[in-house]
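A quick note: this is a predicted structure, and the numbers were derived from the prediction, not measured. A, B, ... follow the sequence lines: proteins, then strands. Residue 1 opens every chain.
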There are 2 protein chains.
Amino acid sequence: MPMNLRDLRYLQALAEEQHFGRAARICNVSQPTLSVQIKKMEVDLGVELVERSGRTVILTDVGQNILALAKDALASIDHIYSTAETARDPYSGQLQLGSIPTISPYLIPQAIRQSKAMFPRLKLGFLEDITERLNEALLQGTLDVAILATEPEDPRLEVINLYREPFSVILPKEHPLNETEDLDVEDLTLNELILLPEGHCFRDQAVDLCQFAQPSALHEVNVSSMETIISLVAAGQGISLIPSMALGGRWNAGDDVCVRTLNHPNAYRQINLTFRKSTPKRQLLDSLADVILDSLPEEMCAV
Amino acid sequence: MPMNLRDLRYLQALAEEQHFGRAARICNVSQPTLSVQIKKMEVDLGVELVERSGRTVILTDVGQNILALAKDALASIDHIYSTAETARDPYSGQLQLGSIPTISPYLIPQAIRQSKAMFPRLKLGFLEDITERLNEALLQGTLDVAILATEPEDPRLEVINLYREPFSVILPKEHPLNETEDLDVEDLTLNELILLPEGHCFRDQAVDLCQFAQPSALHEVNVSSMETIISLVAAGQGISLIPSMALGGRWNAGDDVCVRTLNHPNAYRQINLTFRKSTPKRQLLDSLADVILDSLPEEMCAV
DNA sequence: TGAGCATGATAGATAATGCCTATGAACTTG
DNA sequence: CAAGTTCATAGGCATTATCTATCATGCTCA
């Protein structure tokens, strides 16, 4: 009586529910069935997987370790089914797409609309989060692809380049810098600059670009969207760097903010699709890249 | 009829043998059994896994992809059993140990002898190769631990520091440099130096240390062991850098070579144990590190 | 303290699944 | 074209998972 994938699912459910009856219901089997199978695993492996002492069912240390491996195995199995589905029709199945907050509002709506038109059989899921957590989700398999502005560090990940997005400086209407001809990085002073909080890759890139002596002395503003920052600038609270697409159409709008370009060769970020090298959806992702590039505004230059 | 771990093993055997009958024999089942189960997988997944056309059985593209995932799943299952065994007795089971050529001859024999004494229930396997392939084997799960002189790049790997091993310069008996008081890095000239070929981390570290303007102009010698290099130096063919342990007892031996220390703060390498963060054998590895340190010659300083 | 309830373990019957032997079909080869 | 390989199919058998019913344990609260 060797171990079985079903048993691993039972173990996973039991760990989540901490309750034999509920776990069994989730697995659509009776409680004795689940109890017997767990017991069988314990005999087979020669270790105790769950502590039945007291009211709550808890996994033992070994149980925890084995559960982690069980999840790996089950993830591989899920990938097998997903691979098969993708092979039957590369443009069908599930695709979980992630994106960072400084990209999603300006790119995702159109991209999703276009994708639905181009890939009608595809079930598209979406998740917004910061780069670090999106990378984790990619590696874990929760996500199939993410739109990011940084190169992946993990060797299991790969990219398709999409486009370069220039950085723009935004200033209040009445700001003295509006008089200067060419706007330089040195003109952006540390105590005027409003940036997104830690964790956002755009903040790191802006700080990198400006090469502040004491970046830790930056005025902290706890905002979570570029839109809020634009409002703050419009209200005369400071100046900011923003990715060009966050401007929407406001290139020289009659708003309360002025938009200026920055005189620096590295004042841009490279946007790309990041995904697992081992993904079976490579063909779909190539097409997705095309679709995204098609939905770009004129100002962005594909690279 | 959901997929089964046994089915995955059948698929693996079939891919290896490219023959239903032989694959079945390896799996200890009859040929029809294997045929039926493969067929069932194909129906379940809705894709063709093997091409039966002609004399040879070949996996389809999808089959190849799915096989790779199947191997991942099976590896996780193996790890589950290994984890259970390790939990029953941390000092039992299998341990696959790897090491690079510039370490193994001087460390492994004693280390293995001591380990066998300290962990009598442990089945110890050994593999010598260059760093790159050992790292791959670690990630793939073929290897449990490797003794390396470089920090791992992959985030899934972790280290236990063992000791610092100084570099020594070896010179022929009659070499002019034997007259100089303090031996400096600059004294080692590019056209005299004999190093191991590309791929050996010790070569890279030696080149790094010397900071040659044109490292590509190095005189190439296709030797595969430090011992050969020592012989070449003894024969007056050049000079070399070697890790101290490669000297054995020959610190100031009556050989044909002179051993000198190098006047440079970075003239050493950090030796450590590298292993998967997720290993269940952490406790054993900590003990193994102690055993290895105990078996070191006096000159090495544990760090 | 003891009845009642919740929870997991056990037992025996039943259904599903995988396996084997025997045999058939297709293709290769001499 | 006949013989030999090789894989697929069929039908019976054995194993295994599952179910319902029931028991054992321990907690809760009057």
**Request:** Scan B/N28 against the nucleic acid and name what it touches under 4.0 Å (heavy atoms): base, sugar-phosphate only, or nothing.
**Result:** sugar-phosphate
**Prompt:** Quick one: is C/dT17 close enough that its OP1 or OP2 comes under 4.0 Å of any side-chain N or O from B/K40?
**Reply:** no
**Asked** According to a strict under-4.0 Å criterion, is B/S35 in side-chain N/O contact with OP1 or OP2 of D/dC7?
**Response** no
**Message:** On the nucleotide D/dC19, are OP1 or OP2 found under 4.0 Å from the side-chain N or O atoms that A/T33 carries?
**Reply:** yes
**Request:** Run the numbers on A/N135 and A/L138 for side-chain contact (heavy atoms from CB on, under 4.5 Å), then give the verdict.
**Result:** CA-CA 5 Å; A/N135 272 316; A/L138 281 170; 4.0 Å; yes
**Message:** Can you tell whether the side chains of B/R121 and B/D89 come within less than 4.0 Å, N to carboxylate O?
**Reply:** yes
**Asked** A/H19 side chain N/O closer than 4.0 Å to the phosphate oxygens (OP1, OP2) of C/dA6?
**Response** no
**Prompt:** Side-chain donor-acceptor pair under 3.5 Å between B/E128 and B/S104, yes or no?
**Reply:** yes
**Item:** A/E158/A/R282 salt bridge by N-O under 4.0 Å criterion
**Value:** yes
**Prompt:** Is the number of heavy atoms from other residues, nucleotides or ligands under 6.0 Å of A/D286 CG greater than 12?
**Reply:** yes
**Request:** Give the rounded distance in Å between these two atoms: CD of A/Q31 and P of D/dA21.
**Result:** 14 Å
**Request:** Counting heavy atoms from C-beta on, name the nucleotide in C/dG18, D/dC19, C/dC19 closest to the side chain of B/N4.
**Result:** C/dG18
**Request:** Measure the distance from CZ on B/R52 to C1' on C/dA25 and round it to the nearest whole Å.
**Result:** 15 Å
**Request:** Can you tell me the distance, in whole Å, between the NZ atom of A/K39 and the C1' atom of C/dA11?
**Result:** 16 Å
**Prompt:** Could you give the CD-to-P distance, from A/Q37 to C/dT17, as a whole number of Å?
**Reply:** 14 Å
**Item:** Options C/dC19, D/dT20, D/dA8, nucleotide nearest the side-chain atoms of B/Y10
**Value:** C/dC19
**Prompt:** A/I58 CD1 to C/dT7 P: how many Å, rounded?
**Reply:** 15 Å
**Asked** For A/R6 and D/dT18, what is the distance between atoms CZ and C1' respectively, to the nearest whole Å?
**Response** 9 Å
**Prompt:** How many Å lie between CE on B/M41 and C1' on C/dT17, as a whole number?
**Reply:** 16 Å
**Item:** Out of D/dC19, D/dC7, C/dC19, whichever nucleotide has its closest atom nearest the side chain of B/V29
**Value:** C/dC19
**Asked** Starting at CD1 of A/I38 and ending at P of C/dT7, how long is that distance when rounded to a whole Å?
**Response** 17 Å
**Request:** Report the nucleotide, chosen from C/dT21, D/dA21, D/dC7, that has the shortest atom-to-atom distance to any side-chain atom of B/P32.
**Result:** C/dT21
